[in-house]
Amino acid sequence: MKKVGIKSIVVLAAICLVTSAALAVVNHFTAPIITAAAQTREDASRRAVLPQAAAFEVLPSDALPETVTAAYAGLDGAGHVVGYVFTAQGRGFDGDITVMAAIDPTGVIVQVATIDVTSETKTLGGQTAYAGYTGQYIGQDSSLSAVDAISGATITSDAYEGCVRDCFAAFDAVKGG
């Protein structure tokens, strides 16, 4: 009886080792592809919110708000800044939301995009992903005076607005520094 128990443990351990090794090999080959695909999606999102930019330059993140996860200067073909793109995360009703905002050099929103609200309810909080909601941010300055919350989804709307405000705080840090 004792030999059968030890044999079973050895066989199970061997199966676990082989499976773990196989997963490590697959991860080794797929990780660069997954990273490249994520970078391509992020670049496409930046181009969508700031289409007049020919290239994007990463900005230093040391003086930016903690919630801002990415900051880029959008450059035209001559290397002049045509705007800034910031990505911020906030806490919505049922999870994190991610928002990308493009701000022109004068401090006016060019475009905002909802990167992730998958944890929010589709019927209410998920409406922040639609142009009917995001469109009200276009042309706004840091006061966001003409932005209205979605009725019944004020927690998500407030979190979304908070992300945009954090993008303006990052803009101020970049322009001030």
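Because the structure is a prediction, the values reported are computed rather than measured.
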Legend entry - For the student: nearest non-hydrogen atoms of V49 and V85, plus distance: CG2-CG1, 4.0 Å
Inset, instruction - First locate atom CZ of F171, then atom CG of D104, and finally report the distance between them rounded to the nearest 0.5 Å. - result: 7.0 Å
Inset, instruction - Kindly compute the distance separating CD1 (I138) from CD1 (I109), expressed to the nearest 0.5 Å. - result: 9.0 Å
Legend entry - In one Ile/Leu/Val/Met/Phe/Trp/Tyr side-chain cluster, 4.5 Å: I115, V58: yes
Inset, instruction - Might you point out which heavy atoms bring R91 and A159 nearest each other, and give the distance in Å? - result: O-CB, 3.2 Å
Inset, instruction - Locate the shortest heavy-atom distance separating I103 from C167; write the atom from each residue and the value. - result: CD1-O, 3.9 Å
Legend entry - Nearest-0.5 Å distance that lies between atom CD in Q52 and atom CZ in R47: 11.5 Å
Inset, instruction - Decide yes or no for L75 and F56: does some side-chain heavy atom of the first lie under 4.5 Å from some side-chain heavy atom of the second? - result: no
Inset, instruction - Give the C-alpha distance, both sets of side-chain angles, the deciding distance and a yes or no for side chain to side chain contact (heavy atoms under 4.5 Å, CB included) between C163 and I97. - result: CA-CA 9 Å; C163 287; I97 63 171; 4.2 Å; yes
Inset, instruction - Specify the closest pair of heavy atoms between A53 and G74, including all atoms of both residues, with the distance to one decimal. - result: CB-CA, 3.8 Å
Inset, instruction - Using distance alone, with no hydrogens and no angle criterion, decide if Y72 and T87 have a side-chain donor and acceptor under 3.5 Å apart. - result: no
Legend entry - Spatial distance of atom CD (E42) from atom OG1 (T69) [nearest 0.5 Å]: 8.0 Å
Inset, instruction - For V82 and P105, work out which heavy atoms get closest and say how close. - result: O-CD, 3.3 Å
Legend entry - Flag side-chain contact, heavy atom, 4.5 Å: Q111 against L50: no
Legend entry - Considering all heavy atoms, the nearest D76-A54 contact: C-CB, 3.9 Å
Inset, instruction - Considering only NZ, NE, NH1 and NH2 on the basic side and carboxylate oxygens on the acidic side, decide whether K175 and D172 come within less than 4.0 Å. - result: no
Legend entry - Hphob cluster co-occupancy, F168 + V108, side-chain heavy atoms under 4.5 angstrom: no
Inset, instruction - May I ask you to decide if the ring planes of F86 and Y84 are parallel, tilted or perpendicular, using 30° and 60° as cut-offs? - result: parallel
Inset, instruction - Mind checking the NE2-CG spacing from H28 to L23? Nearest 0.5 Å is all I need. - result: 14.5 Å
Inset, instruction - Could you check if a side-chain atom of V112 sits within less than 4.5 angstrom of a side-chain atom of M100, using non-hydrogen atoms only? - result: no
Inset, instruction - Would you indicate whether the side-chain heavy atoms of V164 and L144 approach each other to under 4.5 Å? - result: yes
Inset, instruction - With rounding to the nearest 0.5 Å, note down the distance linking OG1 in T67 to CG in D96. - result: 11.0 Å
Legend entry - Side chains of D166 and E66 in contact at under 4.5 Å (non-hydrogen atoms): no
